[in-house]
Number of protein chains: 2
Amino acid sequence: MQGTTLNSLIGYHLRRTSTLVTSHLVDTLKPLGLRPVTFSILCLLREAPGLTSSDITRRLGLKSANTATLLGELEARGWIERRDDEKDRRVTHLHLTDTAVTTLEEALTLAREHEEDRFSALDSTERQTLKALLARVWQE
Amino acid sequence: MQGTTLNSLIGYHLRRTSTLVTSHLVDTLKPLGLRPVTFSILCLLREAPGLTSSDITRRLGLKSANTATLLGELEARGWIERRDDEKDRRVTHLHLTDTAVTTLEEALTLAREHEEDRFSALDSTERQTLKALLARVWQE
DNA sequence: TATTGTTATACTCTATAACTATA
DNA sequence: TATAGTTATAGAGTATAACAATA
């Protein structure tokens, strides 16, 4: 047997799996003009319209400088709309456009098919277990 | 509850966990002049001395062009030695130097402490489960 | 023809510094 | 002083093209 050292490290398997899954998701979303991050931002905004740039930065663990660039892209694609806060003039609230909602529906369908495909080695219970274990590692 | 859509996707948790764990490993290995990839290459070469550049490329899922650059770095640091194959003159076999072995021992200690720290939310059985599930997803 | 190994290069992701405007 | 938001930029990771030497 080979690669015993690397195989003993969870992080090694985590990384191999993550790159495999992510690169497949990148290919999956490409036809829609989305990437994993921009897809994530649209998901957030659909469920919580009116979030600000710093809300998104915090929730997705990004850097504010990068969030600004990403939001610029999404606005240029006509997928988000900015609305000034009425009280705090530093703040802008973000909302999805109708086109974005449509695109996001398609993206979600593709993303679920992608997951079905990538995690086909695991049954439904195992997938739930995997998800729950991962969530506990990164959350708090 | 918020972020239901993203939270339903295993890939989301996979990515958040992977970036968290990887960036911590990067910080952990930095004092030794190693990164996750270079650390992985040294691990492989310790267990299977004499591997070639293309062996490493295949086993770690890299691109040969990038492996060449990485091996150049490792050689410049005095961590690997190249020995020509006696029969096939295209091939070079790679071996760790004594310094590399010493550095790798330290790196492994740090990496294990790092894993202990990052996966502290899970008990020993859960870690084994997580590792096994991940391995099944990326392997074959 | 195919494989090994390399250089050069481009693109994305992630990070920091520096800045503005508002609070 | 601190926060919201932005621009510019640098580094690391990942990808392709093109090539030389050898099989």
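By convention in this document, chain letters (A, B, ...) are assigned in the order of the sequence lines, proteins followed by strands, and residues within each chain are numbered from 1.
A:Thr52 comes within 4.0 angstrom of the backbone, heavy atoms only, and of no base. Within the 4.0 angstrom heavy-atom criterion, base atoms lie near B:Ser64.
Both A:Asp55 and A:Ser23 lie near DNA chain D, and the one whose nearest nucleotide falls closer to the 5' end is A:Asp55.
Less than 4.0 Å separates DNA chain D from at least one heavy atom of each of the following residues of residues 72-94 of chain B: B:Lys87, B:Asp88, B:Arg89, B:Arg90. Annotation: proximity of residues 29-40 of chain B to DNA chain C (heavy atom, distance under 4.0 Å) is found for no residue.
With B:Leu94 as reference, B:Leu71 is the one residue of B:Leu71, B:Ile41, B:Asp55 to meet the side-chain contact (heavy atoms from CB on, under 4.5 Å) rule. Just one residue in the list B:Leu34, B:Leu32, B:Leu96 forms a side-chain contact (heavy atoms from CB on, under 4.5 Å) with B:Leu104, and that residue is B:Leu96.
Atom pair A:Leu20:CG and D:dA15:P shows a separation of 11 Å (rounding to whole Å applied). Between A:Lys63 atom NZ and D:dA8 atom C1' the separation is 17 Å, expressed in whole Å. With rounding to whole Å, A:Leu71 atom CG is found 9 Å from D:dG5 atom P.
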Pair A:Glu47, B:Thr4 - check side chain to side chain contact (heavy atoms under 4.5 Å, CB included), show working.
CA-CA 8 Å; A:Glu47 292 187 347; B:Thr4 308; 3.7 Å; yes
Do A:His114 and A:Val21 pass the side chain to side chain contact (heavy atoms under 4.5 Å, CB included) test, and can you show the C-alpha distance, the side-chain angles, and the key distance before you say yes or no?
CA-CA 9 Å; A:His114 143 83; A:Val21 172; 3.7 Å; yes
Step-by-step side chain to side chain contact (heavy atoms under 4.5 Å, CB included) determination, B:Leu45 to B:His95
CA-CA 6 Å; B:Leu45 285 175; B:His95 296 266; over 6 Å; no
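Using cut-offs of 30° and 60° for the angle between ring planes, the B:His13 and A:Trp138 rings count as tilted.
From the 5' end on, the contacts that DNA chain C makes with chain A at under 4.0 Å to a non-hydrogen atom open and close at C:dC13 to C:dA23.
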